[in-house]
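What follows is a single structure, written as structure tokens, with notes after it.
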Amino acid sequence: MVFASYQLKNREDDITNTETGEFSHTVEDDTDLGFGKITWQATDRDRLVFTYFNDPRDLSGSRSTTTVYNRQRTQKTGGDNYKIDYSHSWDDFIINAGYMEHEAEFSTVALDKSTRSDIAFLSTSPSQSQTDIGGLGADTIRERNKKAAYIDFTYYLDTDFGDHTFEAGYSVETNENISNSVYNGGPQYNSIAASDSGVTFETYATGQWTGEKGLAAADYTRVAQALNDSGNLHGADLNNDGVISDDEVKAIVFDSTANNPTGDVNAYQIEQVQQATSKLETKGKMAFLQDTFTIDNVTIKAGLRAEKWDHIASTGETIFTFDWEVAPRLSVIYDIFGDGDSKVWAFGGRYYDPLRTDMTSFAGNLTGSVLEERVYVNDDWVTFRTRGGAKQQDAFFSPSTKTPYTDEYLIGYSTNLTDSTNISVTYTKRTTKDIMEDYDLSIYSEEGYMAGTSLELPLSYFGYDENPGSNYVIGTLAGAKRDYEGIEVTFKKLRADNWFMLASYTHNDAKGNSNSDGNADFQGDWEILDPRAPNMYGKQPGNVEHQFKLLGTYYFDNNFEVGAVYNWNSGTRYSKAQLISGRYLPLQVDEAYEFGGYETNWVADNSVGSEVTPSYGTLDIRVKYTHDFDQYKAEFFLDIFNILDDQATTVEQGLASGDGNFAFGEATDWVEPRRFYLGARLSF
């Protein structure tokens, strides 16, 4: 049996300049979707299936209202997917084996190749064209490929203690992250507006600026160490004791415009001093064992899943191994009256979340690009951090790093109200722990400036006897967790009397003190963002607390059918933030206070997850006609998305100082306007 399909998609969007209201540019989105499947039933017991799918996509720019034209980039994504699967069955035993490959590209090319320069303003209110100067900064070619092979077994066994279905399997998987980034226009700059010349490092790091900053308070110690190690104190030794302290770094004055590409004040730059392709890999082994059995009105499913992962550097060397982790899972379903109409169920299980290849790249980029980060100190650029390369390894996996995991529990009830209607209620609870982050040991260890405070983490916490000497270490984020509770109520009306319907309501309560998920960020190298620090635990940004869905279709006797979907949500939570090094980070209090034995400007109360976008609903309609031609079937359909043309707000500006074009809380993205999609499908 052969099945194939091919689809071409093209979309054009005219983008308006948010400053002038005039037409800016057109973004074109081209996607090719191909699918093919060949099934060969060699014998009654042998089947071979080959599947192919590809999804290349070319995007000529960004539709985001917060991206200025000079920061536009083209994107090329997607690739080919292959899978071959073989199965053989005996009377009570089935074996299944297969192999798959997935080739995925995610490349970006800057339209503007000029030097990138981000300008921060303190005393005046700029436009975004004044803060975001120059091009995107780099062209990056990425390939993220996957190869996997598997073998599964299923065995059916009838016993006096119930009917059993035993399942077991083993698989291996390799993930590749191949990246080649080329900086455009020399070093990239984060500068200070000329009108704010003369501010100190501390004011730059902690003030509420408009525009992206390149330095934070977390950099005080790094810069002090770089100056001390260089042997040239660059006139920053204010008390003439021969050693630069954090307080002396805070007092550094930024007032020079020498050779600055925009004529603004020099503060921070990052330069690519070595350019090369980097290939990182993760290799995993996974196994599972499961038994499903029924005794009278009770069905029990019990199983174990185990996995092991190796992280491989660009040199081909294995830099860390996460040893076998075993995750148990158990579910119980009870048919209350034994007639299949009403049931209750419960589930408990653990899911591990292996670290992705971006963390392998962080710790294993030993032969690829090398970046130098610099701060301007009294008429000279001082390198305070080197990223990538073997000379100064960016990070190590600390020996005590654990695999992040989530424990999930569900209980539910379902009952048939009539032959065609059903209502169900499900309660879900999830807790995520052992979250990963990168740590700066110069902050947290017994040698760091948090030593002696409640946030200190000795070297032994990371499994070290001495500092390994890298910029960072990847470790388990102390005290980090995410808690989720949800209730879902669903009503279903199966297709009968020419129509069906589904309605559901979901309440999501998500709290936590970390949004980290396999991406090295600031929580391990800035004490104010430590999960254990004040005001970090609370409502999770990105959560939608209330959702309602109603959908249904009516089938006419003349081969027409009309369907509709209505989706409503209560809005998305987001934080009131400041922009530092491309990250939206929560605001700080204006006046420092002591916590756990350390005084600083901690995160402000009611900053993390404090804001919510407006609620809105959308209604989509489909009209479809089907006609049979002997061995062929033709389908013609019209989809109308957002038929009410309600362009409600979906995203609001989260930066407390705005971005130059949009003030805090102002809408930056909306539901797309009413759209029509006319299609046809021929099946044979």
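Side-chain contact of Ser361 with Asn177: a donor-acceptor pair under 3.5 Å is absent, judged by distance alone. Between the side chains of Asp246 and Thr221, at least one donor-acceptor pair of N or O atoms lies under 3.5 Å. Of the N and O atoms on the side chains of Glu652 and Tyr574, at least one donor lies less than 3.5 Å from an acceptor on the other residue. Side-chain atoms of Tyr268 and Glu373 form a donor-acceptor pair, as typed in the model, at a separation below 3.5 Å. When only modelled atom types and interatomic distance are considered, Asp483 and Tyr537 share a side-chain donor-acceptor pair under 3.5 Å. Inspection of the Ser442 and Asp440 side chains reveals an N or O donor paired with an N or O acceptor under 3.5 Å. Counted by atom type alone, Gln272 and Ser369 present one or more donor-acceptor pairs between their side chains at under 3.5 Å. Side-chain atoms of Gln540 and Tyr484 form no donor-acceptor pair, as typed in the model, at a separation below 3.5 Å. Between the side chains of Ser123 and Asp196, at least one donor N or O lies within less than 3.5 Å of an accepting N or O. Under 3.5 Å, the side chains of Ser610 and Ser607 contain no donor-acceptor pair of N or O atoms. A donor atom on one side chain and an acceptor atom on the other are not found under 3.5 Å apart for Ser570 and His546.
Checked against Thr357 for a side chain to side chain contact (heavy atoms under 4.5 Å, CB included), the options Thr282, Ile312, Ile178, Asn145 give a single hit: Thr282. When each of Tyr472, Phe462, Phe396 is paired with Tyr439, the ring-ring contact (aromatic ring centres under 6.0 Å, His included) condition holds for Phe462 and for no other. The side chain to side chain contact (heavy atoms under 4.5 Å, CB included) with Tyr444 is formed by just one residue from the set Leu459, Asp530, Val473, Thr453; it is Asp530. Ser191 pairs in a side-chain hydrogen bond (donor to acceptor under 3.5 Å, both in side chains) with only one of the listed residues (Asn260, Asp118, Asn266), which is Asn260. Only one option out of Asn471, Leu227, Val375, Asp525 pairs with Arg222 in a side chain to side chain contact (heavy atoms under 4.5 Å, CB included); it is Asp525.
A pairwise comparison of heavy atoms in Ile474 and Thr401 identifies O-OG1, 2.7 Å as the closest pair. Across all non-hydrogen atoms, the minimal contact from Val377 to Ala236 is CG1-CB, 4.4 Å. Considering all non-hydrogen atoms of both residues, Pro404 and Met436 come closest at CG-N, 4.1 Å. Here the shortest heavy-atom pairing between Arg116 and Leu136 reads NH1-O, 2.8 Å. Between Ser516 and Ile435, the shortest heavy-atom distance links the atoms O-CG2, 3.6 Å. Across all their heavy atoms, Gln653 and Tyr584 have their closest contact at OE1-OH, 3.8 Å.
Side-chain contact between Leu585 and Leu529 is present, with at least one heavy-atom pair separated by less than 4.5 Å. The shortest distance between side-chain heavy atoms of Trp309 and Leu355 does not fall below 4.5 Å. Inter-residue side-chain proximity for Val223 and Phe201 is flagged as met; some heavy-atom pair is nearer than 4.5 Å. The closest side-chain heavy-atom distance from Asp323 to Lys308 is below 4.5 Å. The side-chain heavy atoms of Lys539 and Asp509, taken from C-beta on, include a pair separated by under 4.5 Å. Side-chain contact between Glu281 and Thr360 is absent, with no heavy-atom pair separated by less than 4.5 Å. In this structure, the side chains of Trp209 and Gln578 stay at 4.5 Å or more apart for every pair of heavy atoms. Val382 is not listed as a side-chain neighbour of Arg374, based on a closest heavy-atom distance of 4.5 Å or more.
The backbone N or O of Ala480 sits nowhere less than 3.5 Å from a side-chain atom of Arg532 that would complete a donor-acceptor pair. Of the possible polar contacts, one joining the Asn190 side chain to the Glu212 backbone as a donor-acceptor pair under 3.5 Å is found. In terms of modelled atom types and a separation under 3.5 Å, the side chain of Arg329 and the main chain of Arg305 share no donor-acceptor contact. Looking only at distances, a side-chain donor or acceptor of Tyr204 sits under 3.5 Å from a matching main-chain atom of Gly214. A donor-acceptor pair under 3.5 Å is absent between the side-chain atoms of Glu307 and the main chain of Ala327, judged by distance alone. Judged by distance alone, the side chain of Glu372 and the main-chain N or O of Thr383 form no donor-acceptor pair under 3.5 Å. Between the side chain of Asp237 and the backbone N or O of Ile244, no donor-acceptor pair lies under 3.5 Å. Checked by atom type and distance alone, the side chain of Gln188 pairs as donor or acceptor with a backbone atom of Gly137 at under 3.5 Å. Not one N or O on the side chain of Asn543 forms a donor-acceptor pair closer than 3.5 Å with the backbone of Arg573. Between the side chain of Ser445 and the backbone N or O of Leu441 there is at least one donor-acceptor pair closer than 3.5 Å.
For Asp229, the CG atom sits in a packed shell: over 12 heavy atoms of surrounding residues, nucleotides or ligands are nearer than 6.0 Å. In the displayed structure, Asn259 atom CG is contacted under 6.0 Å by at most 12 heavy atoms of other residues, nucleotides or ligands. Surrounding CD of Glu594 are more than 12 heavy atoms belonging to other residues, nucleotides or ligands, all under 6.0 Å away. The 12-atom threshold is not exceeded at NZ of Lys511, counting heavy atoms of other residues, nucleotides or ligands nearer than 6.0 Å. Other residues, nucleotides and ligands place no more than 12 heavy atoms under 6.0 Å from the CD atom of Gln225. For Asp241, the CG atom is densely surrounded, since the number of other residues' heavy atoms within 6.0 Å is greater than 12.
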Query raised in the report: Does the pair Thr140 and Phe106 meet the rule for a side-chain contact (heavy atoms from CB on, under 4.5 Å), with working shown?
Result: CA-CA 9 Å; Thr140 303; Phe106 184 77; over 6 Å; no
Query - Stepwise side-chain contact (heavy atoms from CB on, under 4.5 Å) test for Thr428 and Glu408 - result: CA-CA 7 Å; Thr428 303; Glu408 181 178 75; 4.2 Å; yes
Requested in this report: List the steps, then state whether salt bridge (charged side-chain N to carboxylate O under 4.0 Å, His left out) holds for Asp310 with Lys283.
Outcome: CA-CA 5 Å; Asp310 293 315; Lys283 293 187 176 182; over 6 Å; no
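Taking the ring centroids of Tyr593 and Phe595, they lie at or beyond the 6.0 Å cut-off.
Ring planes of Tyr189 and Trp381: perpendicular class, angle over 60° (limits at 30 and 60°).
Tyr405 carries Arg350 over the face of its six-membered ring, with the cationic atom under 6.0 Å from the centre and within 45° of the normal.
Scored by the salt bridge (charged side-chain N to carboxylate O under 4.0 Å, His left out) test, Glu485 finds no partners at all (sequence neighbours excluded).
At a threshold of 4.0 Å, the pair Lys433-Asp407 does not count as salt-bridged, since none of the basic side-chain nitrogens sits closer than that to a carboxylate oxygen.
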